[in-house]
Each structure stands twice: as structure tokens, then as C-alpha cells.
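Below, each value reflects all heavy atoms present in this structure, side chains not excepted, and no hydrogens, waters or symmetry copies. To find a chain, count down the sequence lines: A is the first, B the second, and so on, and within it residues start at 1.
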2 protein chains.
Amino acid sequence: MIKVVIITSMESLQQRLERKGLRVSIQRLKILQYLDQHRVHPTVDDIYGALKKEMPSISKTTIYNTLDVLHKAGLVSCLTISPKEVRFDAEPKAHPHFFCLKCNRVLDLEEVICPHIKSHVDGNIVEEVHLYFKGICKKCKGGE
Amino acid sequence: MIKVVIITSMESLQQRLERKGLRVSIQRLKILQYLDQHRVHPTVDDIYGALKKEMPSISKTTIYNTLDVLHKAGLVSCLTISPKEVRFDAEPKAHPHFFCLKCNRVLDLEEVICPHIKSHVDGNIVEEVHLYFKGICKKCKGGE
DNA sequence: TTTCGTGCAAAGCATTTGCAAGTAG
DNA sequence: CTACTTGCAAATGCTTTGCACGAAA
């Protein structure tokens, strides 16, 4: 079997938590790991459904709590794109997304402009930059 | 520098509806008018609360239905920025916003880049462009 | 008469909160 | 011991749905 492993940072997941002064729990590690290995901007429910298989006792509240902690620590980014639910991304660096109105997927786009846009908001303190498009993705455009 | 530019069309509200082939009802006119005159990206509840004063029988369902119709017709734009609720804008042209994490207001930023960004999403069909920032606004930055 | 618009009541569902039990420091 | 973490159950609140009545074409 071929397993695709995405190596983003040289830092271990545990080190990422410790560096931010966060306690390392199995739940936090698993959630961070899941996000790191599933770069499809999963929802809370996606994460919950997947982790429940190996950790049947995990609760949705913990997913919410943990994602909140990770987001505040700057370890994950939080996407308010699909109107129904929040989605998460292990890549905390700002980059553009594409939301398909047909299949509801959130795709990553090549990072091009995000870092350069900030200059237009002087006067306000910018903590996050969000750029995304809505429309029909390549895949859905093809087949009906 | 932040410049707020309100582009109000010469077209009457009724004409806007008719041009899109929509029936003209008092509810649709009032909702469109409210958005046109209150450029603060109100939520459904804001609109409901305001219109209920002069139209006590109006229902939230109608606000939802109408905004959906107006959005699909391209008469208003729909902002998925604040994670809790959707906000609406009578200006359907894409322009950047700033969401203040402290006072929860959504501010308009000067339109600068939005029209030029589209080139980066080749392959996907773009229907909407969304660019916004999150942080602390000028006003909140000042006084605690 | 047939289709569309309105609005009430109820349902749906993502997210939050309160709290009790467990765990790390 | 004290502060943090987990997770269950219940509550919250935005949004949608089903449906009946009324209005427009």
C-alpha cells in the first residue's frame, strides 16, 4: 500500500505544541496530525468522524475546544468560507482558496498576492488576511 | 487610507427589481431600500428588527427568502465573514472588507485589487471574489 | 387557474455553555 | 493543591422547511 505523507514542517507535532506553551495531550496531537495529513480543509464533523474511529471516546466539544486553542496559538487557520460551517487548515500562512458552489469543496490556490495586500488597510491592525473565490471548480465544470 | 465609496445607482429600486425580471413587492422594495441606505453590512436580524417597526407583520422567513432572491439576481452581495451569521451588502461589486474582532463591525475598504485577482484561478469558473481582513479596527485600537 | 410571494410554526443543525470527573505540573 | 483538559448533556441561535393563505399573471 502506498501512503502519502505530507511533510510540512520539520518540527514534530509535539514540538509545535510545546513551542506555543501548550500542554501536549493525545487529543491535541491527533487533531493536529489529522489536519496536517488531510489538506482538504475539513469541518469539525469531518475531524470528529475520522478520529472517533481510533478514539471512540473523543467528543465534539474537545474538537471545538482544541481547534480554538490551536487557532489562537497560530498553529492552524480557520476558514469562514462555506456559510454553514467553519473549516480548518493546518497551514497557518495566508493563501487564497476556491469554494465550489457545486461540490462544496474548498480548494487551495497558489499563494500569490496575500502577503502584499496588507498595505491597503493601514489604520486598522490586521491579524488575518482572507482571500477566496466562489464559483464552479474545474472538476464540476467538466462532468454534469 | 480608507475611503468609503458608496456607489448608488441612478436606477430606482423598483427598476432594479424589474430589470432582473423579479416581481415588485413591498417587502422586496423595503429590504432593498434598507440595504441601500444602511451601508453597514447588516445581518438578517438587523434588517428584521428595523423593518418590523413599519411593517409589523413581516417575517424573518421573508427576509431570508428575499435576500436569497436578491443575491441570486445579483442585486446584493452576501458576506460570509463573521462566523455566526451572514451579512448583506447592497453593493454587488466586489470590494475588500475589514472585520473587527472586537466590535464585530464589518467595514468597507477601498476597492483596489479585487478586479485584478481573478487571473490566478484559471481552470475554475469564478462567480464571486471575496477579500477581507480580520483584526482590530482603528476605533477599537484607540480606546480600550 | 396556475404560479409566485408571504409568513407562521416547527424542525435542523453547527456551535456554545455548564458542569463534573480526570490529569498534569 | 491548583490549574488545565476532557467530554457528556443541555441550551443557544441562525437558518431552513413544510405548509396554508393570499396575490399576481
Passes salt bridge (charged side-chain N to carboxylate O under 4.0 Å, His left out), B/Lys84 versus B/Asp45? Steps please. CA-CA 12 Å; B/Lys84 292 291 201 185; B/Asp45 219 58; over 6 Å; no
Using a cut-off of 6.0 Å, state whether more than 12 heavy atoms not belonging to A/Arg19 lie near its atom CZ.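 12 or below, so no.
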By the 4.0 Å heavy-atom rule, please label [X] as base, sugar-phosphate, or nothing.
| X | answer |
| --- | --- |
| A/Val86 | sugar-phosphate |
| A/Ser25 | sugar-phosphate |
| B/Thr43 | nothing |

Quick one: on DNA chain C, does B/Ile58 or B/Lys84 contact a more 5' nucleotide (nearest heavy atom)?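 Its nearest nucleotide being more 5', the pick is B/Ile58.
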Tell me which of B/Pro83 and B/Tyr48 sits closer to the 5' end of DNA chain C, going by the nucleotide each one is nearest to.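 So the residue in question is B/Tyr48.
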Rounding to a whole Å, what distance do you find between [X]:[atom1] and [N]:[atom2]?
| X | N | atom1 | atom2 | value |
| --- | --- | --- | --- | --- |
| A/Lys60 | C/dT15 | NZ | P | 9 Å |
| A/Phe88 | C/dT15 | CZ | C1' | 10 Å |
| A/Leu22 | D/dA3 | CG | P | 19 Å |
| B/Lys30 | C/dG7 | NZ | P | 14 Å |
| A/Asp46 | C/dA14 | CG | C1' | 13 Å |
| A/Lys20 | D/dC4 | NZ | C1' | 20 Å |
| B/Arg28 | C/dT6 | CZ | C1' | 10 Å |
| A/Glu85 | D/dT15 | CD | P | 14 Å |

Side chain to side chain donor-acceptor pair (under 3.5 Å) assessment of B/Thr43 paired with B/Asp46: CA-CA 5 Å; B/Thr43 64; B/Asp46 293 334; 3.1 Å; yes
For a quick test of reading the model: is some side-chain N or O of B/Arg23 closer than 4.0 Å to OP1 or OP2 of D/dA25?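 Indeed not, no polar side-chain atom of B/Arg23 lies that close.
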Taking 4.0 Å as the cut-off, does a side-chain nitrogen or oxygen of B/Tyr64 come that near to OP1 or OP2 on D/dT15?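 Looking at the OP1 and OP2 atoms of D/dT15, one of them is under 4.0 Å from a side-chain N or O of B/Tyr64.
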Using the side-chain heavy atoms of B/Ser59, tell me which of these nucleotides is nearest: D/dC14, D/dC4, C/dG7.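 Looking only at heavy atoms from C-beta outward on B/Ser59, the closest nucleotide is C/dG7.
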Classify the side chain of B/Thr61 and the base of C/dC8 as holding, or not holding, a donor-acceptor pair under 3.5 Å.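 Such a pair exists between side chain and base.
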5' precedence on DNA chain D between A/Lys52 and A/Val69 (nearest-nucleotide basis):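 That would be A/Val69.
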Hey, which of these two, A/Thr66 or B/Asn65, hits DNA chain D nearer its 5' end, going by closest nucleotide?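 First, find each residue's nearest nucleotide; the 5'-ward one identifies A/Thr66.
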Without hydrogens or angle criteria, can the side chains of B/Lys52 and B/Tyr48 be said to hold a donor-acceptor pair below 3.5 Å?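 Their side chains do contain a donor-acceptor pair, which is all the 3.5 Å distance test asks for.
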Under the ring-ring contact (aromatic ring centres under 6.0 Å, His included) test against B/His130, which residue among A/Tyr132, A/Phe99, A/Phe98 passes?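 That would be A/Tyr132.
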